[in-house]
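First comes the structure, then the notes that go with it.
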Amino acid sequence: MDLIQIGSVRSPQTEAVDEGWGDVVAEIELQKGLGAGLQGLTAFSHALVVFYMHEARFDWKNDVLRRPRGKDDMPEIGIFAQRARSRPNSIGVSAVEIVDVEGDIVRVKGLDAIDGTPILDIKPYFPDYDYVEHARVPAWVDRLMEGYF
C-alpha cells in the first residue's frame with residue numbers, strides 16, 4: 001500500500017481536543033505542483049478531507065473496546081462503532097466548509113485536525129454520494145456530540 005502526503009494542515013489548534021472544532025479555520029497547504037488540482041473546488045461549499053492523525057496512538061489492549069472519550073456515561077463499544085482518534089490505522093475523515101482557495105492553499109472551517117497534520121486527500125462533497133437520508137445513530141451519539149461543533 002502506497003500513500004503519499006499531498007499537503008499539511010496549518011491551524012491555530014495545536015492539541016487534539018474533544019470539542020469546539022466548528023469555528024476553527026485552518027489552511028491545507030498542498031505540496032508544490034498540486035495547486036492546479038484545486039481548480040474548480042470553489043464551486044463546492046464543502047469537501048471531505050482525509051488525513052493521517054500523526055500524533056494518535058492505538059493501544060490494542062485498551063482501545064479496541066472502550067467508552068467514547070472515556071466518559072462513564074457512554075456505553076462500552078468497539079472502536080469501529082465510534083469515531084475516536086486512537087484507531088488501528090490513524091486515518092481521519094472530516095466534512096469541512098470551504099472558505100476559499102488561493103494558490104496551493106485551501107482554507108476550511110471545521111477541520112478537526114491539529115497543526116502539522118499530514119493530508120492524504122481532498123474530495124468535493126457530493127450529496128448524492130455523501131448524504132444518507134434517514135441515517136440512524138444511537139442516542140448516546142447526540143449526547144457525545146454536544147459542543148463538538
Side-chain angles (χ1 to χ4, degrees), residues 1 3-30 37-38 40-102 104-149:
M1 181 181 329
L3 297 174
I4 62 166
Q5 178 178 343
I6 65 163
S8 58
V9 174
R10 289 193 299 193
S11 174
Q13 193 66 45
T14 58
E15 292 183 32
V17 295
D18 288 333
E19 55 190 36
W21 291 97
D23 292 328
V24 174
V25 175
E27 294 182 341
I28 297 170
E29 183 175 10
L30 295 184
L38 298 172
L41 189 62
T42 57
F44 294 86
S45 65
H46 290 77
L48 299 176
V49 178
V50 182
F51 52 97
Y52 176 66
M53 296 179 282
H54 63 297
E55 291 188 5
R57 299 294 174 257
F58 184 74
D59 179 336
W60 287 92
K61 181 179 175 187
N62 296 314
D63 292 334
V64 171
L65 187 65
R66 60 187 288 281
R67 295 181 191 281
R69 294 193 202 151
K71 294 177 137 196
D72 290 335
D73 65 335
M74 294 289 128
E76 189 172 58
I77 58 173
I79 191 62
F80 302 119
Q82 55 185 291
R83 300 281 298 254
R85 65 180 165 262
S86 296
R87 316 188 64 74
N89 289 303
S90 299
I91 304 295
V93 178
S94 292
V96 299
E97 179 182 343
I98 298 168
V99 176
D100 78 14
V101 175
E102 185 177 326
D104 294 342
I105 296 173
V106 182
R107 265 180 220 83
V108 298
K109 186 175 178 183
L111 177 61
D112 54 347
I114 62 173
D115 188 60
T117 297
I119 298 296
L120 301 176
D121 205 353
I122 301 169
K123 298 177 180 228
Y125 178 88
F126 277 37
D128 288 340
Y129 292 145
D130 304 315
Y131 174 77
V132 178
E133 192 171 356
H134 308 297
R136 174 177 45 90
V137 298
W140 64 263
V141 172
D142 293 331
R143 290 193 329 268
L144 183 71
M145 295 307 295
E146 288 176 4
Y148 192 85
F149 285 107

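Keep in mind that this is a model prediction, so the values were computed, not measured.
No side-chain heavy atom of Lys109 sits less than 4.5 Å from a side-chain heavy atom of Val96. Val106 is listed as a side-chain neighbour of Val101, based on a closest heavy-atom distance under 4.5 Å. Using a 4.5 Å cut-off on side-chain heavy atoms (C-beta onward), Ile79 and Phe58 make contact. His54 places a side-chain heavy atom less than 4.5 Å from the side chain of Thr117.
Shown here for Val9 and Ala26, the closest heavy-atom pair between the two residues is CG1-CB, 4.2 Å. Contact between Ala56 and Arg85 at its shortest, heavy atoms only, is CB-O, 3.3 Å. Shortest non-hydrogen contact noted between Ile122 and Ile28 is CD1-CG2, 4.0 Å. Considering every non-hydrogen atom in both Arg69 and Arg66, the closest pair reads N-NH2, 3.6 Å. The two atoms that bring Pro12 and Val25 nearest to each other are CD-O, 3.5 Å, heavy atoms only. Of all non-hydrogen atoms in Pro88 and Trp60, the two that sit nearest each other are CB-CH2, 4.2 Å.
In this structure Asp59 satisfies the side chain to side chain contact (heavy atoms under 4.5 Å, CB included) test together with Lys61, Asn62, Asp63, sequence neighbours excluded. Taking the side chain to side chain contact (heavy atoms under 4.5 Å, CB included) definition, one finds that Asp100 meets it with Arg107, sequence neighbours left out. Here Arg10 pairs with Glu27, Glu29 under the side chain to side chain donor-acceptor pair (under 3.5 Å) rule; sequence neighbours left out. Looking at residues two or more places apart in sequence or on another chain, you find a side chain to side chain contact (heavy atoms under 4.5 Å, CB included) between Glu76 and Leu65, Arg67. In terms of the side chain to side chain contact (heavy atoms under 4.5 Å, CB included) criterion, residue partners of Pro124 (sequence neighbours excluded) are, by chain and number, Leu41, Phe44, Phe126. The side chain to side chain donor-acceptor pair (under 3.5 Å) check on Thr42 picks up nothing, with sequence neighbours excluded.
Among residues at least two apart or in separate chains, side chain to side chain donor-acceptor pair (under 3.5 Å) pairs with a member in residues 89-98 are Ser94-Asp112. Residue pairs satisfying the ring-ring contact (aromatic ring centres under 6.0 Å, His included) criterion with at least one member in residues 64-94, sequence neighbours excluded, are absent.
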Show me the donor-acceptor pairs within less than 3.5 Å that the side chains of residues 134-142 make with the rest of the protein, sequence neighbours left out.
none

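Under the 3.5 Å distance criterion, the side-chain polar atoms of Arg143 are matched with a main-chain donor or acceptor of Asp73. Arg83 places a side-chain N or O within donor-acceptor distance of the main-chain N or O of Val93, the cut-off being under 3.5 Å.
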